[in-house]
There are 2 protein chains.
Amino acid sequence: MASMSAQSPAGTPPTSEDVARAAGVSRATVSYVLNNTRGGRVSEATRERVREAARQLGYVPHAVARALRAGRSGVVLLTAPAVTAGPLFAQFFAELQSALSELGYTAVLYGPTGHRGAEAARRWAELRPDAVLSLMDDSLDEHAVDVLHRAGIGVVVSAGPAPVAGAHALVADQVQVGAMAVEHLVAVGRRKIGVIVPADVSLRGFAEPRLSGAETAARAHPSATVVRQELSLDEGAAAQWAELVVETRADGLFAYNDEYASVAVRALQDAGLRVPEDVAVVGADDLLIGRLLRPKLTTVRMDFTPAREIAAMLDRLIGAPDTPTEARSYLRTGLVIRESA
Amino acid sequence: MASMSAQSPAGTPPTSEDVARAAGVSRATVSYVLNNTRGGRVSEATRERVREAARQLGYVPHAVARALRAGRSGVVLLTAPAVTAGPLFAQFFAELQSALSELGYTAVLYGPTGHRGAEAARRWAELRPDAVLSLMDDSLDEHAVDVLHRAGIGVVVSAGPAPVAGAHALVADQVQVGAMAVEHLVAVGRRKIGVIVPADVSLRGFAEPRLSGAETAARAHPSATVVRQELSLDEGAAAQWAELVVETRADGLFAYNDEYASVAVRALQDAGLRVPEDVAVVGADDLLIGRLLRPKLTTVRMDFTPAREIAAMLDRLIGAPDTPTEARSYLRTGLVIRESA
DNA sequence: TTGAAAGCGGTACCAC
DNA sequence: GTGGTACCGCTTTCAA
């Protein structure tokens, strides 16, 4: 490492006052120049002097101070439980992040707080975000919404399976996913259908609605039955589970997502069952893994509302925080038929 | 939705002054009570009155104001290029987030700004984070570090393939990954080795070091050669790529990660080649898909330094910002031998 | 045991 | 054209 860069150990950073002094003007003028406020009310000569001084000193405005004065932080808080591990979420978050950033907001991701409801909401509220978008996070309940409103946060949006009283809602109808899968299984002649729910409890928020959609769909057909089965992404456990399937002679399977479906398919094959001949399998989320396995997985894909649109919606609501709560659907589902069912 | 909660459209939120008024004390006293400052210097009666007033009003402290006054924001800024860098990253981020949160920090994830170097750093600096942790983000260069230091941010850490002058470094030695893979391929008798680099340029920061490690390892063995091959996660492209492998008669393959390896294995099999007999394949990152594919993938797994340790390190550095820059390794690599090589 | 008041760094109104 | 100054909400000395 040749370069040294003097290891400047961060003295007191320059403030707008330092810039003012260096340029021989007032703090007010510095503010005007640096923010391009007041069209031509500052002479070009002064402007140049101010800008030069700022550059010299390495001045960077203090967003915290600005936020305090402005009464708005420019922060959009995204709350999410542990589900953040999923590939879909990561992708969505990245896009939302970037869309918000283009609109001048800072996206802050707030993971599990170890609290729920009002208690969690107090944590969020301390940051005084301009909006809270709660993604599949069941710690946002009615009390939480109330705390946020009372803390002056006008825009609260829940994105999840069900709306929350007092908040705008992006309804992600996970129920549809399960329904669509089971309808297809029934359509291809399957009657004894297993539904795989992840053992990982942090995924229950998604999993249970998918299950209940599956159950509802089955009820529509007299001879179809659905049985709930837990599975973890562990091959040992999967082998054991496969025995169960052999015993119960299930002929159809809907798995929580393509990862679980893949593990399941492997285990079934290892147990001597053929997919789809003996057991037809439908996954969900259209993940890469489903296209690589043989047979290729039939899956229910979800198309989320583009992050850009959601960012725009947040921006709009922040501009008009008294808009009555609205609810809209947040994803569309579609069946992708491949080889496994 | 029965309950109404008055849809309170966020009037002016209560401040500590409101609480003071309601409790019949001064703002100072409110602050003391709510922060448990000054051991027993406030009477129990007063404390109770203050707490009750705060509860009544739904008071939530204003973190922005607090940060301004305190001179530290409690924010740890994580910068990352494309967050999409894979499932490993998402997992790591979630853990770090939670570890920091336990230490009282707020983790803010800042995606690509559309700027690099000093310009990007100015964006980050505006938030006055207590620390900046730059994850595999090549927009952090020497100038950026300088901007951050001048803005009073004492703790700047780069986590990536190479250290950056002036910043602490968590060195993730991706080079080792490639080296380890190729050494194994050579050890099992392969000489003509293809290395798959993702076509997705956002992954280059990881991919190139892995490739160069592969090249170095090959040079250590006189008869071994390495040839770089681009591939995207698209089956059409993969089929075409497989033709190339058939022609060139490569007998070993190291793919960027297990996803790429899986796509590659599929394409090879579809082209009539046997794995590992004709072509031995090594992947990386030990992803789920590698265990589900047949043959099971041999892979190079990476064990990152636990997020908890990194959070602790950041906390320590924030407490002593003048610590001379230190560098430490950030991951350990290990070969997981399965069936594909 | 409690309160008055001086800031933290910016912004924007109003005066000159 | 430019500058003085009163805030934003909170913490923390110092004095009472």
Side-chain angles (χ1 to χ4, degrees), chain A residues 12-50 53-54 57-75 125-130 150-153, chain B residues 12-50 53-54 57-75 125-130 150-153:
Chain A
T12 320
T15 70
S16 80
E17 169 136 35
D18 296 324
V19 176
R21 207 185 348 261
V25 298
S26 72
R27 281 157 67 217
T29 304
V30 171
S31 176
Y32 296 145
V33 173
L34 265 28
N35 296 303
N36 274 322
T37 341
R38 296 223 183 170
R41 324 307 262 110
V42 179
S43 74
E44 187 50 48
T46 308
R47 306 169 63 119
E48 194 37 58
R49 252 185 312 138
V50 170
L57 295 170
Y59 171 75
V60 175
H62 196 305
V64 170
R66 192 210 300 275
L68 180 59
R69 170 66 223 214
R72 32 173 287 152
S73 59
V75 163
E126 290 191 359
L127 301 180
R128 294 295 193 278
D130 294 343
R150 300 222 291 175
I153 295 152
Chain B
T12 319
T15 70
S16 78
E17 167 136 36
D18 297 322
V19 176
R21 206 184 349 261
V25 297
S26 73
R27 284 155 67 218
T29 304
V30 171
S31 176
Y32 296 144
V33 172
L34 264 29
N35 296 304
N36 273 320
T37 338
R38 296 222 185 171
R41 326 304 266 112
V42 179
S43 71
E44 187 50 47
T46 309
R47 305 170 63 120
E48 194 38 57
R49 250 185 312 138
V50 169
L57 294 170
Y59 171 75
V60 174
H62 196 305
V64 170
R66 191 211 300 279
L68 181 59
R69 169 67 222 218
R72 32 172 291 153
S73 58
V75 163
E126 290 191 359
L127 300 180
R128 294 292 193 279
D130 294 343
R150 300 222 292 176
I153 295 153

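A, B, ... follow the sequence lines: proteins, then strands. Residue 1 opens every chain. Because the structure is predicted, anything quoted here is derived from the model rather than measured.
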**Asked** Within a strict 4.5 Å, meaning less than it, do heavy atoms of the V60(A) and R128(B) side chains meet?
**Response** yes
**Request:** Decide yes or no for R47(B) and N36(B): does some side-chain heavy atom of the first lie under 4.5 Å from some side-chain heavy atom of the second?
**Result:** yes
**Asked** Distance from R72(A) atom CZ to R66(A) atom CZ, nearest 0.5 Å?
**Response** 11.0 Å
**Prompt:** Which of these, D130(B), L68(B), V64(B), L127(B), sits in a side chain to side chain contact (heavy atoms under 4.5 Å, CB included) with S73(B)?
**Reply:** D130(B)
**Message:** If the cut-off is 4.0 Å, is S31(A) near the phosphate of dA12(C), judged by side-chain N/O to OP1 or OP2?
**Reply:** no
**Asked** So which of residues 59-67 of chain A are in contact with DNA chain C, with a heavy-atom cut-off of under 4.0 Å?
**Response** Y59(A), V60(A), P61(A), H62(A), A65(A), R66(A)
**Request:** Round to the nearest Å and state the distance from R128(B) atom CZ to dG10(C) atom C1'.
**Result:** 11 Å
**Request:** Please confirm whether the backbone N or O of A23(B) pairs with a side-chain atom of R49(B), one donor and one acceptor, at under 3.5 Å?
**Result:** yes
**Request:** Grab the CD-P distance between E17(B) and dC7(D) for me, whole Å please.
**Result:** 12 Å
**Asked** Closer than 4.0 Å, any side-chain N/O of S16(B) to the OP1 or OP2 of dC10(D)?
**Response** yes
**Complete:** Of R38(A) and T15(B), the one whose nearest nucleotide on DNA chain D sits closer to the 5' end is R38(A)
**Item:** Between dG7(C) (P) and R27(B) (CZ): distance, integer Å
**Value:** 14 Å
**Fill in**
Rounded to whole Å, the CZ-C1' distance (R69(B) to dC7(D)) equals 16 Å
**Prompt:** For Y32(A) and dG1(D), what is the distance between atoms OH and C1' respectively, to the nearest whole Å?
**Reply:** 11 Å
**Straight-line distance of T29(A) OG1 to R38(A) CZ, nearest 0.5 Å** = 8.0 Å
**Request:** Tell me which nucleotide among dA4(C), dT2(C), dA12(C) gets nearest to the side chain of A28(A).
**Result:** dA12(C)
**Item:** R41(A) CZ - dA12(C) C1' separation (whole Å)
**Value:** 14 Å
**Asked** V30(B) near the nucleic acid: base, sugar-phosphate alone, or nothing, with a heavy-atom cut-off under 4.0 Å?
**Response** nothing
**Message:** Can you measure D130(A) atom CG to dC8(D) atom C1' for me and round it to whole angstrom units?
**Reply:** 15 Å
**Fill in**
Distance col, row S26(B):OG vs E17(B):CD, nearest 0.5 angstrom, shows 10.0 Å
**Item:** Between dC13(C) (P) and N35(A) (CG): distance, integer Å
**Value:** 13 Å
**Asked** Do any side-chain nitrogens or oxygens of T29(B) fall under 4.0 Å of OP1 or OP2 in dG3(C)?
**Response** yes
**Request:** For T46(A) and for T37(B), find the nucleotide of DNA chain D with the closest heavy atom, then tell me which residue's nucleotide is more 5'.
**Result:** T46(A)
